[in-house]
Amino acid sequence: QVQLVESGGGLVQLGGSLRLSCVASVGFFSLATMSWYRQAPGKQRELVASITPSRVTNYADSVKGRFTISRDNAKATVYLQMNSLKPDDTAVYYCNLGGGAWGQGTQVTVSA
């Protein structure tokens, strides 16, 4: 079955940076749109960024200019570079493949 494993979360101060990674255990990774979602306590899970097989990207307005999604098909990995982090970015970040498979999530905490 599809397995997605996120890593790179942690505790960072306001204005800091983190780089999240998600490794997929599927051979068709290069054909799938990959996305990062996040869910903060008391909030619905929201789409943060996505990247198509042709590397067309989309970002939530709240992260535009600060976050960058990228993919390495040879490594079956999608990344989320997060800069200028804010306390409102605090959430569990989840990797998603093709809208159907989810990773276990990685916690990102930004202190004021």
Side-chain angles (χ1 to χ4, degrees):
Q1 296 181 5
V2 175
Q3 291 189 107
L4 302 172
V5 181
E6 302 99 331
S7 63
L11 175 64
V12 65
Q13 293 184 349
L14 186 154
S17 298
L18 285 172
R19 183 178 175 86
L20 306 183
S21 299
C22 171
V23 180
S25 63
V26 292
F28 54 87
F29 174 85
S30 64
L31 303 179
T33 292
M34 299 297 300
S35 302
W36 286 97
Y37 288 74
R38 67 186 181 187
Q39 187 165 26
K43 292 187 175 182
Q44 294 184 343
R45 188 170 298 188
E46 65 174 344
L47 177 65
V48 177
S50 64
I51 182 167
T52 70
S54 61
R55 291 184 169 83
V56 176
T57 59
N58 184 58
Y59 298 93
D61 288 341
S62 60
V63 307
K64 286 182 178 177
R66 300 189 297 121
F67 291 10
T68 302
I69 188 170
S70 61
R71 66 192 298 160
D72 185 336
N73 290 337
K75 297 180 179 179
T77 301
V78 63
Y79 304 94
L80 185 67
Q81 178 67 48
M82 305 185 294
N83 299 324
S84 302
L85 284 163
K86 307 173 181 179
D88 284 349
D89 295 320
T90 296
V92 177
Y93 284 71
Y94 298 91
C95 180
N96 179 273
L97 180 147
W102 296 93
Q104 83 290 342
T106 185
Q107 176 71 47
V108 171
T109 302
V110 185
S111 62

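Small disclaimer: the values here were computed from a predicted structure and weren't measured.
- Residues P53 and S30 approach most closely at CB-O, 3.3 Å, considering heavy atoms.
- The pair D61-K64 counts as a salt bridge, with a side-chain nitrogen and a carboxylate oxygen less than 4.0 angstrom apart.
- One distance of note links OG1 of T57 with CZ of F67; it measures 14.0 Å at 0.5 Å rounding.
- If you run side chain to side chain contact (heavy atoms under 4.5 Å, CB included) between V110 and each of L85, L18, L11, only L85 comes through.
- Here the closest non-hydrogen pair linking A49 and L47 is O-CD1, 3.6 Å.
- Using a 4.5 Å heavy-atom threshold, the side chains of E6 and L80 count as separate.
- Under the ring-ring contact (aromatic ring centres under 6.0 Å, His included) criterion, Y79 pairs with no residue at all, not counting sequence neighbours.
- For R71 (side chain) and T52 (main-chain N/O), a donor-acceptor pair under 3.5 Å exists by modelled atom type.
- Hydrophobic clustering places I69 together with V63 (ILVMFWY residues linked when any side-chain heavy atoms are closer than 4.5 Å, directly or through intermediates).
- For residues 19-62, the ring-ring contact (aromatic ring centres under 6.0 Å, His included) pairs, not counting sequence neighbours, are Y37-W102.
- No donor-acceptor pair under 3.5 Å is formed between the side chain of Q39 and the backbone N or O of A91.
- The line from CG of L20 to OG1 of T77 is 12.5 Å long, rounded to the nearest 0.5 Å.
- Using a 4.5 Å heavy-atom threshold, the side chains of M34 and L97 count as touching.
- Between L4 atom CG and S25 atom OG the span is 7.0 Å, to the nearest 0.5 Å.
- Counting heavy atoms from C-beta outward, V78 and S70 have side chains that stay 4.5 Å or more apart.
- There is a path of hydrophobic side-chain contacts, each under 4.5 Å, that joins V12 to V48.
- The hydrophobic cluster containing V108 does not contain V23, counting ILVMFWY residues as joined when their side-chain heavy atoms lie under 4.5 angstrom apart, directly or transitively.
- Between Q81 and S17, the closest heavy-atom pair is NE2-CB, 4.0 Å.
- Here the CG-OG distance, from N96 to S50, works out to 10.0 Å after rounding to the nearest 0.5 Å.
- Looking at heavy atoms from C-beta onward, R38 lies in side-chain contact with E46 at the 4.5 angstrom threshold.
- V2 and A101 make their closest contact through CG1-CB, 3.6 Å (heavy atoms, listed as atom of the first residue, atom of the second, distance).
- With a 6.0 Å radius and a threshold of 12 heavy atoms from other residues, nucleotides or ligands, Q3 has its CD atom at or below the threshold.
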